[in-house]
Each structure stands twice: as C-alpha cells, then as structure tokens.
Amino acid sequence: MDGATRTRARTHAIGTQSDVDESTLIDVRGIGRIIRRRALVIGVILAVAAALALVAYMLAERRYVATAQVALERTAEKVIAEDQVTPTVDPDSAAVDTEVEALRSPALIGTVVDTLRLDRNADFNGGLAIAAAPNAKPDPIARARAIGNVLGNLTVKRDGLSYAISISYESPSPTLAAQIVNTIAQTYVAGQVGTKSGATKRASRFLEGRLQQMRGQVLAAEKAVADFRAANSLFAVSNLSTVSQDELSNLSTQLAQAKAENAAAQARLSTARAQLARGRSGEELGEALDSPVVSQLRAQRAEIGREVASLQKRYGPLHPDLQRAEKAQANTDAQIAAEVRRIVANTSIQANIASQRAASLQGSIGRAEGKLAADNNASVRLNELERNAESARTLYRSFLDRYRQTVAQEGLEQSDSYIVATARVPAVPSSPNLLLYAAAALVGGLGIAALVVLLLQLLERGLETSDAIEKRLGLPVLASIPDANTLPEYRKGGLPAQPMDLVLQRPQSLLAEAFRSLRTSIQFATPDLRHRVIAIASSVPGEGKTTTAICLARTAAAAGITTLLIDCDPRRRATSRQFGGQVKAGLNEVLAGSAQLDQVLVKDTATGAWLLPQRIDAAELTLTEGGRFAALLAQLRERFELILLDTAPVLAIDEARVVASLADGVVFLLRWRTTPAKAAEIALNRLADVDANVLGVAQTQVNVVEQARAGFGDAGYYYRDVESYHTA
C-alpha cells in the first residue's frame with residue numbers, strides 16, 4: 001500500500017469514528033475547552049454586565065412595600081340567637097377567593113382614593129397636582145387615574161390555604177404605602193358592617209310597610225268568615241258536615257226502628273182482622289193472650305166451664321143452676337170477645353201511630369239530607385275563607401316575628417372579617433433588589449458571552465487540538481511544538497536566543513523535548529527504513545517550516561544521527577539565510593553540475609548537522625526537472641541517516657508537492673489556531689494527488705499557557721503537571 005492510499009484509509013477510518021462519536025455524544029469536554037479558552041472574553045463581558053447592572057441599580061427608583069393582613073371569621077359571635085338579615089356562614093376556599101377579588105374591586109379602591117384624596121396627588125393622576133377646595137367634587141378623570149394607579153401597584157393574595165388575606169402596596173413613599181394598605185383594610189372591614197347595617201335597615205322598613213298591608217288583609221279575611229257564618233246560620237264548630245251526618249244517622253236509626261214497629265203492628269192488626277173475619281173470637285191472638293183482663297176472664301170462664309160440666313153431669317139442661325152457670329159462661333165469653341175487640345182496636349190505633357211516626361221520621365231524614373247537602377256546600381266556601389284568614393294570620397305573624405328580630409339586630413351587626421396585622425411603615429426598600437440585578441447581570445452576561453463566544457468560534461478557521469485535527473484531516477498528530485515566547489523559562493530568563501539556538505542551550509526545555517518527540521514519531525512512522533528522507537511541508541507561509549526543520553536537524557544530529565537539511569524553497573531560501581549566511585554555490589549548482597556536493601555542504605559546528613543551501617541569487621533552475629534531484633537524494637541516502645527537505649508552501653509553489661513525493665514521508669505543519677482548516681485540506685489533497693506519504697501533522701507555535709488552560713486531550717494540557725521536568 002503506497003503513502004497516499006494509507007493516508008486516505010486513515011482519513012476514512014478516523015472520519016467514520018468521529019461521525020459515530022459526534023452523533024451519539026455531546027462533546028462536554030470540548031465545550032469546557034472553549035469556555036477555558038474564551039475565559040478572558042467571558043470575564044470581560046460579565047464584568048461589563050455587572051457594571052451596567054450596578055449603574056442601573058444605583059439609578060433605579062427606591063420603592064417600598066407595605067403589607068397588612070385580614071382574615072375571614074370562621075365562627076361569628078351571635079349576640080342574639082336569631083337569623084340575621086345577612087347571615088354569617090363559615091367561609092370556604094371559594095369564599096376566600098371571592099373576598100380576594102372584593103379587596104381589588106374598583107368600588108373599594110375608589111372609596112380609599114376619596115378618603116385619602118389621592119386624585120389630587122400628582123403621583124396618582126398622571127403628574128398633575130390638583131388644588132381644590134376641601135368639599136369640591138372630585139374630577140372623575142383624575143379619580144379614575146388614581147384608582148388605576150392604586151390597582152396597578154396593589155397585590156392581594158391568599159396566604160396558602162388559610163383564611164388570611166395579605167394586602168400589599170408598592171410606592172416610592174413608605175409612609176403612603178402603609179397608609180394606603182391600612183385604609184384598604186379598614187375600609188373593607190367597615191364596609192362589611194355598613195353593608196349589613198344597611199341591609200338590616202332596609203329590611204326593617206320593608207317589613208314595617210308590609211305589616212301595615214297585611215294587618216288590613218287579616219281583618220278583611222276574618223270579617224269575611226264571620227259574615228259568611230252569619231249569612232248561612234253555620235255553627236262555630238270545627239266540622240259542620242260531621243254534625244249533620246250525626247243527626248242524619250240518628251234519624252235513620254229511629255226511622256228503621258219506627259218502620260220495624262209499624263211493620264209489627266200492621267202484622268198483628270192484619271192477623272187479628274183476618275182471624276176475626278174467619279169468625280174466630282180472637283182468643284188466639286198474642287195480644288189477647290198477653291192481656292191480663294183476657295187472662296182473668298179466661299181463667300174465670302175455665303172455672304165456670306168446669307162448673308157447667310159438673311152440673312151437666314148431675315143435672316139436666318133445665319136445671320136452674322146449670323142454666324145460671326151456662327148464662328154466666330156466655331156472659332164471660334161476651335166479655336172476652338168485647339175485650340178482644342178492644343185490643344184489636346187498640347192494635348189498629350198503635351199501627352196507625354207507628355205508620356205516622358215512620359212517615360214523620362222519613363220527612364225529617366229528607367230535611368236532614370237537604371241540610372247536609374247545603375252545609376257541605378257552605379263548608380267548602382267557609383273552609384276557603386277560613387284558610388285565607390289563617391294564611392293571612394300566619395303570614396302576618398311570620399312578618400311580625402321577623403320584624404321584631406330585625407329591629408332587635410339594629411346596631412349589633414358584625415363584620416365577617418377582621419384585621420390580623422396592620423401595615424408598618426417599611427424601613428428597607430423592596431426594590432431595586434440587588435440580588436435580582438446581580439442575577440440579571442449574570443444571566444444577561446452569560447447569554448451575551450455565549451453569543452460572542454459562538455460568533456468567535458464560527459469566525460475561527462484554525463484547529464487547536466489533536467482530536468480536532470484527526471477528525472477534520474484524518475491524520476495523527478506527531479508532535480506539538482511550543483512557541484518559545486510562551487515558555488515560562490524562556491521569558492523569565494530573558495534569553496534573546498532564537499528557538500533554533502534554544503534547543504541547544506536548554507536541552508531539557510519543553511521546546512527541545514517537542515522536537516525529540518517529533519523525531520521519535522518519524523522513526524516509528526517509518527520503522528522499516530534505516531535512511532529516511534523526510535519533507536517538512538505546510539499549506540501556507542508562516543507555519544514555521546524553517547524553524548522546525550533546523551531545530552529537528554539539530555536535535556537529531558545532537559543525538560548522533562547523521563543529518564542533512566536541504567533548503568528546497570527556491571523563492572524564500574529561509575534555511576540558507578538562517579543557517580549558512582552568504583552562499584556562493586548551493587543546491588542548484590550541484591544539480592547543474594557546476595559545483596561538487598562537498599563544496600557546497602555547510603556544517604553546523606554546534607551539532608554536526610549538515611546543510612545543503614541554495615545560493616541567494618539562484619532562481620533560474622527548477623529542482624525537479626530532469627530527475628536530477630531524485631538522483632541526488634539517492635546519492636545522499638548513502639551518506640546520511642536522516643535527510644530533511646525544507647519545502648516551499650504547497651499552496652504557494654506547485655514544485656513543493658513534487659519534492660514531497662520524492663520523500664519517504666511528509667511531516668505536515670499546522671500552525672496552532674491559525675492555519676485555516678480548509679487550506680490544510682486542500683494542501684493535503686494536492687499531496688495525495690502526487691502519492692506523497694504524509695506521516696502526520698505537527699502543530700507549531702503552540703501557546704503552552706493557553707493550551708494548558710483549554711487544550712484538554714493534548715499533552716500540553718498537562719503542562720503544569722510536568723513543568724518541573726523542563727525547568728532544570
């Protein structure tokens with residue numbers, strides 16, 4: 001697999017992994033890194049926000065809040081045990097909420113405005129002070145403005161789930177705030193008493209008028225009942241129909257008895273007459289048998305009959321005693337017959353009497369039935385009149401009792417609420433609230449800082465961390481080369497030396513260690529090569545190629561590696577200027593054959609490294625033409641273990657990527673936070689087009705202080721932990 005293929009494969013693998021990470025995780029550490037990096041900007045913005053908040057706090061108007069508390073009565077005291085015109089009931093949650101709204105009613109606030117004459121206060125009527133006589137009628141517009149102003153600064157709320165209500169008012173004047181709150185509470189409580197007193201008086205006047213009307217109605221109803229009774233001759237009994245029915249029942253009983261007696265008498269009379277008509281003497285009649293006279297006569301006749309029978313046996317029919325006895329017997333029979341006729345006549349008389357009595361009772365019953373019907377008709381009307389009269393009396397008594405109760409309640413009305421705590425004049429202003437302003441400054445400052453940091457991040461084109469480089473470019477980071485000016489030991493020592501000299505003067509410094517780390521990374525990136533040709537490339541100028549190439553060459557030579565540095569930048573020739581000074585012949589002359597290699601090589605006396613420079617005024621020959629440069633590299637491989645090619649910027653000179661393609665590997669330089677990522681991508685793509693083997697990226701001019709604060713994930717982040725190793 002060639003170098004370009006390996007670069008593309010590495011880029012694909014890292015890019016795929018980064019896609020997975022970004023889609024599944026939030027880069028919290030990256031956010032923290034940005035915050036640490038932009039700490040100064042954030043701090044300045046927060047300081048400005050705090051200063052503005054402090055100025056606003058100092059200029060803000062001081063306002064004071066006074067609070068009073070009222071509570072609803074749950075069990076009102078009753079002086080008299082009677083129903084009130086406006087009854088007091090135990091308040092519930094809805095009742096408390098209703099009273100909260102009542103405390104905010106414009107009517108109540110209007111009373112407070114009138115009491116305190118707030119409509120004449122410039123703070124309550126739009127800034128217009130009104131001077132008027134004490135008894136002057138208030139201006140309705142000014143009064144409406146004052147009511148609206150009071151309501152706008154008034155807060156009424158229920159305290160939790162209790163029956164207590166808090167009344168708060170905010171005003172620039174602490175005395176006025178307390179005065180308004182206390183007046184609202186007092187007006188509210190007094191208003192409830194006034195409402196009840198007014199209701200009681202109105203009820204008394206209403207009941208008194210109604211009683212006068214109802215008294216006349218009761219008298220008229222009772223007179224109508226009396227007149228109707230007199231007109232219909234009705235008894236003052238509870239139920240007329242019952243009297244008539246009792247009378248009719250008695251008459252019916254008597255009639256039934258009379259009819260039975262009449263039937264018995266008629267039966268006896270008929271029987272007696274029938275027997276007499278058949279020629280009988282009537283001795284068989286029950287009445288005759290029951291008569292003592294007939295019984296005596298019959299006993300006498302029986303005695304005479306026995307005597308006649310005895311005489312007939314002893315004497316003949318002509319015997320005087322027998323004839324006297326028979327005559328006496330006939331005389332007795334005549335008396336019995338006469339007595340029977342008298343009894344029959346008496347029975348006829350009794351039958352007539354019974355018949356007449358039954359007829360009389362029948363007539364009485366008819367009259368009683370007529371009277372009952374009339375009484376029933378009259379009782380319907382009488383009952384109606386009596387009901388009307390009783391209803392009028394009942395209603396009159398009810399109104400009279402209610403009137404007496406209402407009159408008794410006058411002057412005893414109590415409020416359904418009471419003042420728990422009056423408002424005191426506040427000593428400390430409620431606003432402006434310093435904590436609130438501080439919180440606003442913090443929130444606002446953080447918001448603005450977040451926007452500014454976001455804008456700075458969007459405007460930033462460079463890359464700063466190894467993770468960002470690997471995700472964006474798909475290449476590993478070989479080393480992180482610090483900016484010498486940011487090294488504490490360099491600044492404290494006041495050393496004027498350049499970085500290329502510092503690696504020798506301070507071999508234990510972080511700068512020297514960075515180049516040793518880069519050299520190690522190159523060795524392990526090309527493990528199969530004993531002689532290596534490494535190109536130092538970048539996308540744009542100013543990336544530190546010359547400094548990196550010289551420092552790397554010196555550290556390698558100091559480590560005993562035969563090293564050659566070739567200046568491959570025909571335009572700038574920075575390496576030749578820094579290392580070799582004035583050069584009469586150089587690389588171009590060697591390639592042209594006008595000079596020998598050993599004649600142009602320059603040795604670094606401090607480390608033993610060699611330089612193949614370019615002549616300052618040599619610009620007429622291209623390095624890569626004719627393959628002579630490739631042949632030269634092959635020749636140099638036999639003499640040097642490490643050959644470094646200081647190339648021109650890839651995007652500036654196309655020859656740079658051709659030179660890079662001749663190397664065993666390319667170290668691509670990327671200036672920390674400065675090199676545009678897009679420029680680096682374009683340069684790497686151009687190197688890939690010529691099959692250059694890019695080993696990785698080396699970050700240059702890294703601010704170690706900033707990286708230690710914001711470069712999480714890079715080795716420089718732990719600079720404070722390892723600083724002691726590089727300061728000896």
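The structure displayed is predicted, hence computed values, not measured ones. Reckoned from all heavy atoms, side chains included, excluding hydrogens, waters and symmetry mates.
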Q) Under the side-chain hydrogen bond (donor to acceptor under 3.5 Å, both in side chains) rule, what pairs show up with a residue in residues 540-550, not counting sequence neighbours? A) Ser538-Lys545, Glu543-Thr675, Thr546-Asp646
Q. From Asp664 CG over to Ile522 CD1, what is the distance, rounded to the nearest 0.5 angstrom?
A. 11.0 Å
Q. Considering only heavy atoms from C-beta outward, does the side chain of Leu564 approach that of Leu601 to under 4.5 Å?
A. yes
Q) Above 12 or not: heavy atoms from other molecules or residues under 6.0 Å from CZ of Arg571? A) no
(Q) Using a strict threshold of under 4.0 Å (side-chain N to carboxylate O), is an ion pair present between Arg639 and Asp598? (A) yes
Q: Give a yes-or-no answer on whether the side chains of Gln614 and Arg573 include a donor-acceptor pair shorter than 3.5 Å.
A: no
Q.
On a heavy-atom basis, which atom in Thr67 and which in Ser168 lie closest, and how many Å separate them?
A. OG1-OG, 2.9 Å
**Q.** Residue Leu455 excluded, over 12 heavy atoms near CG under 6.0 Å
**A.** yes
Q) Does Arg104 reach the main-chain N or O of Val156 with its side chain, forming a donor-acceptor pair under 3.5 Å? A) no
Q) Does atom CD of Gln596 have more than 12 heavy-atom neighbours from other groups under 6.0 Å away? A) no
Q. Between Ser517 (side chain) and Glu513 (backbone), is there a donor-acceptor pair under 3.5 Å?
A. no
**Q.** Test item: side-chain donor near acceptor, Glu170 and Ser431, under 3.5 Å
**A.** yes
Q: Mind checking the CZ-CG spacing from Phe668 to Leu473? Nearest 0.5 Å is all I need.
A: 7.5 Å
(Q) Return the OG1 to CG distance between Thr647 and Leu669, rounded to the nearest 0.5 Å. (A) 8.0 Å
Q) Nearest heavy-atom pair of Gly665 and Leu695: which atoms, and what distance? A) CA-CG, 3.7 Å
Q) Between Leu46 and Leu446, is any pair of side-chain heavy atoms under 4.5 Å apart? A) yes
Q. Looking only at heavy atoms, what is the nearest atom pair of Gln635 and Leu597, with distance?
A. NE2-CD2, 4.4 Å
Q.
Under a 3.5 Å cutoff, is there a donor and acceptor pairing between the side chains of Asp689 and Asn685?
A. no
Q) Do any N or O atoms from the side chain of Ser162 and from the backbone of Asp159 form a donor-acceptor pair under 3.5 angstrom? A) yes
Q) Do Arg63 and Asn153 have a side chain donor and acceptor closer than 3.5 Å? A) yes
Q. Would you find a donor on one side and an acceptor on the other, under 3.5 Å apart, between the side chain of Glu470 and the backbone of Pro476?
A. no
Q: Heavy atoms only: give me the nearest Gln701-Gly544 pair and the separation to one decimal.
A: NE2-N, 4.1 Å
**Q.** Which atom of Gln699 lies closest to which atom of Trp672, heavy atoms considered
**A.** NE2-CD1, 3.3 Å
Q: Over all heavy atoms of both residues, which pair between Ala557 and Gly608 is shortest? Give the atoms and the distance, please.
A: CB-C, 4.2 Å
Q) If you measure from the Lys or Arg side-chain nitrogens to the Asp or Glu carboxylate oxygens, is any gap between Asp567 and Arg572 under 4.0 Å? A) no
Q) Going by the ring pair (Phe, Tyr, Trp, His ring centres under 6.0 Å) test, which pairs reach into residues 429-457, not counting sequence neighbours? A) Tyr57-Tyr437
